[in-house]
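The structure appears right after this line, and notes come after that.
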Amino acid sequence: MSHAMPHHAEHSRGIHIHPSILSADFARLAEELARIRNADAVHVDVMDNHFVPNLTLGLPVVQAIRRATDLPLDVHLMIQDADRWAPAYAEAGAESVTFHAEAAGAPLRLARELRSHGAKAGMALKPATAVEPYLDLLEELDLLLLMTVEPGFGGQPFLDVILPKIRRAREALDGSGVPVALQVDGGVTRDTIMRAAEAGADVFVAGSAVYGAEDPEAAIDELRSAPLR
Ligand code: DX5
Ligand code: ZN
């Protein structure tokens, strides 16, 4: 499907790169954080082995990361019962806290609670979750995350089948005029970032593409300029 927008307009939103420390060395987090100083934020994947079949880190580690870097923290909660656990991550100083729509009993109330703690409210959708039922909630959100892999693990290939959903979300956001960041997470590389940006995403999580590189800061710069080429 072709895209009507002029080429420069597709990129006027800007490109924000959020490296995921899921692909970093967890025994050396402070050093790993110091290798991504040119990032726009650090993406922190919290997994509970219930919502996803993997277990990573929780609140004490997020608090330690908060002390170890000046970068904004973009916390991605892949946990059940987000209503109960998410607000503490806002209190811990995360710039944004993203819960999964599939794991929140009252997403609207939770989004408001996150904002009341001074955080940006993010909501994530797994690949098979449609965006349409959530479009009326957008004005209560600061960030919409469309997963481009099944959540749980780094290093999976980008799902091109999600591109139409990204386009539909972008159209809804542009139509409503509410300033919601449109984030994609999973399989973002120098190749796939172009397609995701063209579809309308403006915040890009990248784990293996950044920490799998010899020079993570150079990899961030390459990702940031890739959609502009
Ligand atoms: C997957 C996580 C991602 C992951 C992305 O469930 O939410 O943030 O770290 O890793 P890559 O970029 O390697 O797909
Ligand atoms: Zn993530």
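Source: prediction; values computed, not measured. If you read the sequence from its start, that first residue is 1, and numbering goes on from there. Indexing begins at 1, ligand by ligand and atom by atom, following the structure's order.
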request  = Look only at interatomic distance and state if Gly207 has a nitrogen or oxygen under 3.5 Å from any nitrogen or oxygen of ligand 1.
outcome  = yes

query = What's the verdict on ring-ring contact (aromatic ring centres under 6.0 Å, His included) for His100 and Phe51, showing C-alpha distance, side-chain angles and the deciding distance?
reply = CA-CA 9 Å; His100 268 265; Phe51 183 70; 4.8 Å; yes

ask   = Do any heavy atoms of Ala209 fall under 4.0 Å from ligand 1?
value = no

query = By atom name, which N, O or S atom of Asp185 is the nearest to the Zn ion (ligand 2)?
reply = OD2

task = Among all protein heavy atoms, pick the one closest to atom 14 (O) of ligand 1 and tell me residue, atom and distance.
result = Gly187 N, 2.8 Å

ask   = Between Ser20 and ligand 1, does any nitrogen or oxygen pair lie at a separation below 3.5 Å?
value = yes

ask   = Is Glu222 salt-bridged to Arg190, cutoff N-O under 4.0 Å?
value = yes

query = Could an N or O of ligand 1 be found under 3.5 Å from any N or O of Met147, whether backbone or side chain?
reply = no

inquiry  = Check this for me: does any side-chain nitrogen of one of Asp40 and Arg224 sit under 4.0 Å from a carboxylate oxygen of the other?
reply    = yes

message = Give me the nearest non-hydrogen protein atom to atom 5 (C) of ligand 1 as residue plus atom name, then the distance to 0.1 Å.
response = Asp185 OD1, 3.5 Å

ask   = Can you find an N or O of Ser23 that's nearer than 3.5 Å to an N or O of ligand 1?
value = no

task = Assess the side chains of Asn38 and Asp221: does a donor N or O sit below 3.5 Å from an acceptor N or O?
result = yes

query = If you measure from the Lys or Arg side-chain nitrogens to the Asp or Glu carboxylate oxygens, is any gap between Arg115 and Asp142 under 4.0 Å?
reply = yes

ask   = When you measure from the Zn ion (ligand 2) to each N, O or S atom of His76, which atom gives the shortest distance?
value = ND1

query = Is Val149 close to ligand 1, meaning an N/O of one under 3.5 Å from an N/O of the other?
reply = no

ask   = So, His16 versus Asp202: side-chain donor-acceptor pair below 3.5 Å or not?
value = no

inquiry  = If you consider just the N/O/S atoms, which atom of Asp45 is the closest one to the Zn ion (ligand 2)?
reply    = OD1

query = Looking only at protein heavy atoms, which one is nearest to atom 13 (O) of ligand 1, and how far off is it?
reply = Ser208 OG, 2.5 Å

ask   = Is the backbone of Asp45 close enough, under 3.5 Å, to the side chain of Thr56 for a donor and an acceptor to pair up by distance?
value = yes

ask   = Where the closest heavy atom to atom 1 (C) of ligand 1 is concerned, which of Phe153, Tyr211, Phe158 has it?
value = Phe153

Between Glu139 and Ser176, a side-chain donor and acceptor under 3.5 Å = no

